[in-house]
> 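What follows is a single structure, and I will ask about it in a moment.
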Amino acid sequence: MTALLSALVAWVGLAGFTFAFKRAVERGSWVAAAVSAPFAIAFVRCAANGIPIVWPILSGWGWLLLASIVGLVVQAVASTANVQLRRTLFGLVSVFAAVPAWLTRSEDHLLLGTVPTGLAGPVTLLLFVIVAVAVSRRLDSSAILVRRVKRVGIYSFLLGGSLIFSLPFFWLLLTSFKEERDMSNANGLIWVPRVTETERAFDPLSPLYQIRYNNQTVQVEKLGREKSGVRVTVVRPGSLAGTAVVVPEAELVEVPREIKVVEANLAGGKVRALLLNEDSEGAHLRLMDPSSRTGDIITVGTDRVEPIRKPGLLWKNYPDALDALPAEAEYGLAYLRNTLYLCLMSVLGTLVSCTLVAYGFARLRFPGRNIFFGVLLATMMMPGAVTMLPSFLIFRQLGWIDSLKPMWVPTFLGSAFNIFLLRQFFLTLPVELEEAAKIDGCGHLRTLGSIMVPQIKPALVVVGIWTFIGAWNNFMGPLIYVSSPEKMTIAYAMQLFAGDKSTQPGLLMAFATMALAPVVLLFFLAQRTFVEGISLTGKTG
Amino acid sequence: MVSASASAKFAGRFWLPPYDCHEYPNHNADVRNVVQKLALSVLALGVAAGCGSGHNVDGRRPLLVWGLANDDKGFRALADEFEREHLNVTVRILNMGAGAMNPQKLMTSIVGRVPPDVIYQDRFTVSDWASRGAFRPLDDLIERDRKRDPLCPTADKFYPAAWEEAGFEGRCYGIPYRVDARALFWNKKVFREAAQDLIAAGLDPSRPPRTWTELLAYGKALTKFNPDGTLARIGFAPNYGNSWLYLYAFMTNSRFLANRGRKCNLNSPEVADALAFMKRGYDQIGGYESAESFATGSLGKEQDGFISGRFAMKIDGDWILNDLVKFGNDIDFGVAPAPVPDDRFNRVGAYSQEKDRYVTWSGGMCFSIPTGARNVEDGWEFVKLATSPKGWMIEARERAATAKMEGKAFISLQPASIEASREVFHAFPPADPRFRNAVDVMRGLMPFAKMRPPTFAGQLLWDEQVRAMAEACSGRLSVSAALERGQERVQHELDSVFNQEKLASIEWLLPGLGAALLAVLVGLGLLWIRQFVKLKKLGRSEAVAGALLISPWLFGFLTLTLGPLAASLIFSLTQYNVLSPARWNGIANYALLFTSDGHNVGKAFYNVFWLAGFGVPLGIGTGLGIAMLLNLTVKGMNAFRTAFYLPSLVPAVASAVIWGWILSPSPTSGLLNAGWSQTIGQWFHLAPPGWFNSEAWAKPALVVMGLWGAGSGMILWLAGLKGISKTLYEAARLDGANTRQQFWNVTFPQLSPVIFFNVTMGFIGALQEFDRPYVLTAGGGFGPGDSLLTPVYYLFQNGFGYFRMGYASALAWTIFAVILLITGIQFAIGRLWVYYEGAL
């Protein structure tokens, strides 16, 4: 039977190729030529390897072949002028419209070829043909439909593209809400994150305490007894974790801890229990039911314990990511502060200096102006790498290493790009208003401040936003100049965090999400300006 | 693509003639006003600069220690103990950004005069640092405290080789902290399971191999392939674990340096024997590349290849015992001395006089004090405590307690102090016989330990042996050619440093540059004044105002562009490491670019040309495609624009982090490869690519990443598309042009200036690629097979990693020249296809 099928497929492949190729030659159409290629491949594969492409378990080649057959039949039928036949086919379409949906409802993916056997296969094939024929006939006859189909096509492109472009963001968010054990899964990726159920309870085996240490409340565990009190080790916050302190017994206040809820498979059936800890003896559990044994502490083999997990988002990655930062980072606040400081100073510096300089170049006449402007244009071509090393030495001489100054102070000296851009804007403004202002006795700066700046506000906003984003994303600057954690910016801290926590994607992605959020927020707030930026640049294009 | 955001704002006007000057009105200059405002802004600048630093609130002296893992409880306990003994000191342990493995950060901080007080550093690099004057010699402190402080470290208290490794030219620059040893780990369970195969090959499944021949035989017998020819298990991969070329070369009695460190022997026959052995080891398991991707297929310690039985044997260091204890009884393994060459084992031939049958290679860490540390006294006290038996016991107690809390056994690392070693292993002997045996083997190997030679070129020698190993084992180069190439580079470095005394030093370099700059300034001023006096009164006031207005830029141009430009040109002709005066070197740096370093430089440029060649056209195609879609008028366009545009705002660092995760090579965790193995993998039986873990796919991965940001040019594309007159399309339609013809005959020529601009800027950006490769390689190495080596990254590494300012400057100018050349070529070609309206 399979041999027969194989032969059949090979034959269809050959015939299809011949037919499609003939058409291609006749019409000079590359579409037809492209259609013919899979036929040839299918034929060669079937004939040479003798691999029967047996429905329903299809290989990729099988699917290509199937698609080609469909295309071919559609072409053939569509070119018949028989209206009656077309109507019949169209009727059939509506009848079988629900069938593909029914077919794909099974868990296995249709495209992977595990469609149920039996009638379903041929029926699907038929259905494809019918739908395609119907669409193709209608396209021929109705201009409105053509437009609609085009629109559907455009939307599907836009939607598909948007989905692809948003997928990394989605994956970033999803990963940041996943538990460690869901990060990698041999049976396909996890799309619905699950969280292990926990309950706040006192832990009789290794109790958790709260103490005051260095003016903050920290959670500790007992290590042992000493003459002066109890020796404890800090568990939280993460920046102090591992610090050992000796405190008087009286200062310890026991607090509940988050304990995992598990399902234990005991002799008498499954019961819910709190998982106190696991060691070489097994899992130590505190039973939650049945009521007669609630609170009992038992030890069972670890293989009989399964955590109870429900779909949900693990928000804990976010505080944990901040917790894992060094103490100097103040849970990332220091990074945010530094970054904002850098961004704001850069924006201020760029706007002030570039406006002044651009105005000077655009409206004032002075000796050497054209030469200077030419030099300014030339500097735009220069790679930053050339001045990188000497600049470092200059800032070193100024004692600015390990500070943010090397990154923002130069913005007060203007940047060639922005000067150029603003100058071009100034040039598009009419001179009449200025002249009126001059006649009224305004100085250059007054004219600039009260007449010119309001007119180029949109350009200034665009420059400001670009500078802000540029400063926010600046990585090489902090990499070269900053080394203390209290002076780091987000971009650089993220690189270090990535190096440090490369094995904990949950934390890493949570950190990345937090680092991206402000820029995304800024974009949505200033979206109109961005769009205006389009029209601004468009006006002169 | 990198400068795409910048390019977008600039490009809107790019194809405008820049000098469309207006008629200039006459103004009444308000110079005073300008000066006032400028002064104000300068004042604001100063005030803003004032705020910033300021820590250490509680009045205690901070002691800054870099390089220690801040989540290591042992070090934390040590710091606590130190603070208890020194109440007015607060210890700040910091490893983020200052890890021992990030020399660039340390060097920058030392050169920038803000170094840490103590640095925890890999010992073999100490002489490297010391030779450049970056570390403080500790001999005076040792002499001072020798008598009065029992904790004081002296040579006799440490393993001699470890002490020696931390010295340079007879002085001590670091106090050894721990030592390690490497040995053969063999998975007994796998040996039992494969007993039949081993016996069939004439091997004894109950013992590990002892010689190289045996090692290869065992490795071959234990290697299993899947039916489809992919690896299922590797018996032995020479560099899986931690052996590198060094260990095998030590076994053949190679000396990497001779003649008191002046001669590099990387190409000696002994080293070649060792490397040839490694190559044989890889060849018999299907090649280096497939073994590497097999090894990276298992990520993280939880899925360690040896523990999971994917590797039957490996040579690794004693530190991994701490990972193995976590798995308790799940793993049955043995530890034995690493197999040695047959002749050495049998003591015949070249080894007939050899005393030591086995050898190991030992490395380890030490504590040093950087030059210019502000708190040397406290730092020294900390170093003394940390390296002493007392300090080790504090740490061991804490680590043991932590291990107990985590429910696993505690295995201490090996202290470099002999007494500490005795005390720690006496107090905390491993209970488990497997681990006791392992520790005994490792400690027993210490007397036969060899160390890397102390040399200022230690890091370079390391990098080159890694490179030679990869090149030779993968078969890209022959063993001798690979070694020869490394040899040449190391020898060049040795020669240049040993010969630098002969070069004339130029102390006047920086003052001279300053003076020259000043002269330029004065000259310009004079020229300007000459023009100025020709003006009439009104014109003069306008000229003064104009000059003042552009003065911030002019000042910035002179100090931050022209000055540095000249400086870097002069640097490129010198040898300059910042800490000592520059020395005149002529064109030697440029010559180096084309001679012994030519391979790396060539590879770097090859990589960026590859990225530009594929990335720029693809990026432009995608960007244009998106823009044409977004240029349509359909509902909800703003949402679509956002979706396409947002990725281009993502910082390169974040993008690298996200994509590093999406492109994880494992189909069980990487998004793309999971999709791949479900579709393409199943249909066509193609294994998913290794992306950033494989040499062939690292650059395509970067291109894929870049495509995600293709929306960055959207503003520009849309502006260009909107600028095309509708009448042109109407005319085309009337002439019967279909969509395709309309695109090629109307859209494309009309857009060609934008396309040209994007190509040019895309190339300039791609040639300067830095952020993403840096983040993806975590600042260490240049990716598999140097596939992520870019010129700017190489420049950065040379400039800030090794502070070879001269060579780095020569590189910078080369990059500059290449960019100019490429841009020039593009302008020349552009003339053929770019259509400017109005031009004929």
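A note on names: the letters A, B, ... follow the listed sequences, proteins ahead of strands, and every chain is numbered from 1.
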> Under 4.5 Å heavy-atom distance to chain B, tell me which part of A:Ile419 shows up: side chain, backbone, both or neither.
side chain
> Rounded to the nearest 0.5 Å, what separation is found between the CD1 atom of B:Ile658 and the CG atom of A:Leu167?
11.0 Å
> List the atom of B:Val657, the atom of A:Ala498, and the distance in Å for their closest heavy-atom pair.
CG2-CB, 3.8 Å
> Could you check if a side-chain atom of B:Phe800 sits within less than 4.5 angstrom of a side-chain atom of A:Ile480, using non-hydrogen atoms only?
yes
> At a heavy-atom separation under 4.5 Å, does B:Leu646 approach chain A through its side chain, its backbone, both, or neither?
both
> Given a strict heavy-atom distance threshold of 4.5 Å, which part of B:Leu64 is in contact with chain A: side chain, backbone, both, or neither?
neither
> Which bit of B:Leu535 comes within less than 4.5 Å of chain A, counting heavy atoms only: side chain, backbone, both or neither?
side chain
> Any carboxylate oxygen within less than 4.0 angstrom of a Lys/Arg side-chain nitrogen, looking at A:Glu486 and B:Arg92?
yes
> Atom CG of A:Leu393 and atom CZ of B:Phe571: how far apart are they, to the nearest 0.5 Å?
5.0 Å
> Name the member of A:Ile401, A:Leu516, A:Asn473, A:Ile154 that forms the most heavy-atom pairs with chain B at distances under 4.5 Å.
A:Asn473
> Does B:Glu542 reach the main-chain N or O of A:Arg365 with its side chain, forming a donor-acceptor pair under 3.5 Å?
yes
> Heavy-atom distances under 4.5 Å only: say whether B:Leu820 touches chain A with side chain, backbone, both or neither.
neither
> Taking side chain as everything from C-beta outward and backbone as N, CA, C, O, which of these in A:Thr379 sits under 4.5 Å from a heavy atom of chain B? Side chain, backbone, both or neither.
side chain
> For A:Leu163, which atoms come within 4.5 Å of any heavy atom of chain B: side chain, backbone, both, or neither?
neither
> Non-hydrogen atoms of chain A under 4.5 Å away: do they reach the side chain of B:Phe816, the backbone, both or neither?
both
> Report which part of B:Thr823 has an atom under 4.5 Å of a heavy atom belonging to chain A: side chain, backbone, both, or neither.
side chain
> Does any backbone or side-chain atom of B:Ala654 lie under 4.5 Å from a heavy atom of chain A? Answer side chain, backbone, both or neither.
both
> Ring pair (Phe, Tyr, Trp, His ring centres under 6.0 Å), that's the test. Do B:Trp553 and A:Phe412 meet it? Break it down for me.
CA-CA 8 Å; B:Trp553 169 76; A:Phe412 279 85; over 10 Å; no
> For B:Phe640, is it the side chain, the backbone, both, or neither that has a heavy atom closer than 4.5 Å to a heavy atom of chain A?
both
> Quick one: does B:Trp528's side chain have a donor or acceptor within less than 3.5 Å of a partner on A:Gly368's backbone?
no
> Return yes if a side-chain donor-acceptor contact under 3.5 Å exists between A:Thr175 and B:Trp661, otherwise no.
yes
> Is it true that B:Tyr774 and A:Phe475 have ring centroids separated by less than 6.0 Å?
yes
> Please give me the minimum heavy-atom distance between B:Ala808 and A:Leu389, naming the atom from each residue.
CB-CD1, 3.3 Å
> So what's closer than 4.5 Å to chain A heavy atoms on B:Leu632: side chain, backbone, both or neither?
side chain
